[in-house]
Amino acid sequence: MTLFDWPIWALIVFAYVIMQRLAELAYANANTRRLLAEGGREHGARHYPLFIVLHSGWLVAIALFAAPTSAPDMLLLSIFIASQAFRFWTLASIGRWWTTRIISAPHFPRVRRGPYRFIKHPNYALVVVEIAVLPLLLGAPALAITFSILNAVLLWWRIRIENDVLMERGRTT
């Protein structure tokens with residue numbers, strides 16, 4: 001099944017994810033530039049291109065290999081929608097500090113509002129759910145497993161770096 005054969009609901013969900021990711025990248029890049037100008041420094045830059053490859057590959061693989069059914073699995077669709085609500089809550093809570101890179105400085109505060117009160121890395125928890133749920137929703141369980149494993153390896157690396165970096169921040173917002 002090609003992307004052109006997908007039912008409309010699947011095309012809408014997939015197009016939403018692509019547009020959301022592009023908007024997020026624009027927001028993240030603007031925040032990155034500003035944080036660097038405010039004295040921030042990038043940490044763990046070596047692994048960043050691997051995340052670009054992983055997330056781009058995930059979307060391309062879904063476009064090439066997914067085979068959505070004529071009607072969505074309502075449980076998976078509900079999980080996906082809930083994950084997007086969680087995404088907006090997470091991004092609204094971290095605000096100007098959110099980037100796709102690790103940009104930090106000792107004078108930057110630690111965010112401890114919204115989901116950050118309960119989970120140390122809520123955006124990463126969200127991405128874990130998304131990387132599994134979207135391919136499952138679109139009929140590609142092998143992609144859900146494959147990309148979940150690859151994402152887990154990269155997140156293990158990134159979270160170790162980020163936890164070390166966050167220790168240098170003292171204040172809280």
Side-chain angles (χ1 to χ4, degrees), residues 14 16-62 76 79-137 140 143-173:
F14 192 63
Y16 162 80
V17 170
I18 291 171
M19 289 186 296
Q20 180 271 325
R21 286 293 199 277
L22 292 173
E24 231 177 58
L25 277 175
Y27 179 58
N29 289 337
N31 283 346
T32 295
R33 285 189 301 275
R34 186 183 34 71
L35 292 172
L36 290 171
E38 292 174 2
R41 189 170 61 97
E42 183 171 4
H43 302 266
R46 284 190 353 212
H47 74 278
Y48 186 74
L50 298 175
F51 276 100
I52 300 297
V53 169
L54 176 81
H55 286 264
S56 300
W58 175 68
L59 291 170
V60 168
I62 290 170
L76 291 172
I79 293 169
F80 175 77
I81 291 168
S83 75
Q84 297 313 294
F86 189 75
R87 171 182 298 287
F88 292 120
W89 185 34
T90 300
L91 291 178
S93 298
I94 198 166
R96 69 186 303 272
W97 305 103
W98 186 81
T99 72
T100 55
R101 298 176 179 268
I102 301 172
I103 309 295
S104 190
H107 64 281
F108 290 177
R110 287 189 74 160
V111 175
R112 296 188 197 265
R113 64 179 174 257
Y116 292 88
R117 291 179 303 193
F118 311 109
I119 303 170
K120 195 168 187 177
H121 301 285
N123 194 59
Y124 301 150
L126 163 72
V127 172
V128 165
V129 169
E130 253 181 352
I131 283 185
V133 169
L134 186 64
L136 290 173
L137 178 62
L143 295 180
I145 293 166
T146 302
F147 282 91
S148 290
I149 291 168
L150 294 171
N151 185 54
V153 170
L154 284 179
L155 281 179
W156 175 81
W157 186 6
R158 182 179 182 107
I159 288 171
R160 287 181 42 208
I161 295 167
E162 192 162 321
N163 283 342
D164 289 343
V165 168
L166 287 173
M167 295 302 288
E168 73 181 14
R169 292 186 184 186
R171 299 177 326 203
T172 302
T173 66

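- Annotation: R41, atom CZ; neighbour count of heavy atoms from other residues, nucleotides and ligands within 6.0 Å does not exceed 12.
- Taking CG of L150 as the start and CD1 of I145 as the end, the distance is 12.0 Å to the nearest 0.5 Å.
- The minimum heavy-atom distance linking P49 with A45 is given by the pair CD-O, 3.3 Å.
- The two atoms that bring L59 and F14 nearest to each other are O-CZ, 3.4 Å, heavy atoms only.
- Between Y16 and F80, the angle of the ring planes goes over 60°, which puts this pair in the perpendicular group of the 30/60° scheme.
- For the side-chain contact (heavy atoms from CB on, under 4.5 Å) test with W58, the passing option among T146, L143, I131 is I131; the others fail.
- Between the CG atom in L126 and the CZ atom in F88 there is a gap of 10.0 Å [rounded to 0.5 Å].
- Within a 6.0 Å radius of CZ in R46, other residues, nucleotides and ligands contribute 12 heavy atoms or fewer.
- In plain terms, the two heavy atoms of N151 and H55 that are nearest each other are OD1-NE2, 4.4 Å.
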Please test F51 against L155 for side chain to side chain contact (heavy atoms under 4.5 Å, CB included), starting from the C-alpha separation and ending with a verdict.
CA-CA 9 Å; F51 276 100; L155 281 179; 4.1 Å; yes

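- Closest approach of G114 and S93 over heavy atoms only: CA-OG, 3.3 Å.
- Minimum heavy-atom separation, N31 to R34: OD1-NH2, 2.9 Å.
- Because its NZ or CZ atom is not both nearer than 6.0 Å to the ring centre of W157 and within 45° of the ring axis, R160 does not count as a cation-pi partner of that residue.
- Formation of a donor-acceptor pair under 3.5 Å by the Y48 side chain with backbone atoms of H43 is not found in this model.
- I18 has its side chain within reach of L22: a pair of non-hydrogen atoms, C-beta onward, lies under 4.5 Å apart.
- Summarising the geometry, atom CZ belonging to R33 is positioned 12.0 Å from atom OG1 belonging to T99; distances are rounded to the nearest 0.5 Å.
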Side chain to side chain contact (heavy atoms under 4.5 Å, CB included) evaluation trace for H121 with L166
CA-CA 11 Å; H121 301 285; L166 287 173; 4.1 Å; yes

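- Counting only heavy atoms from C-beta outward, the side chains of W98 and E24 approach each other to under 4.5 Å.
- Here the rule is side-chain contact (heavy atoms from CB on, under 4.5 Å) with P122, and of V111, T90, V127, I94 only T90 fits it.
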Given side chain to side chain contact (heavy atoms under 4.5 Å, CB included), test T32 with E42 step by step and report yes or no.
CA-CA 9 Å; T32 295; E42 183 171 4; 6.0 Å; no

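- Closest heavy-atom contact between L76 and V133: O-CG1, 3.7 Å.
- For the atom pair CD1 (I52) and OG1 (T100), the distance works out to 6.0 Å, reported to the nearest 0.5 Å.
- Once rounded to the nearest 0.5 Å, the distance linking CZ of R110 with OG of S104 reads 9.0 Å.
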Give the C-alpha distance, both sets of side-chain angles, the deciding distance and a yes or no for side chain to side chain contact (heavy atoms under 4.5 Å, CB included) between L134 and F147.
CA-CA 11 Å; L134 186 64; F147 282 91; over 6 Å; no

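- Sorted by first and then second residue, the side chain to side chain donor-acceptor pair (under 3.5 Å) pairs with a member in residues 122-132 read R21-E130, Q84-E130, R87-E130, Y124-R158, Y124-E162; sequence neighbours excluded.
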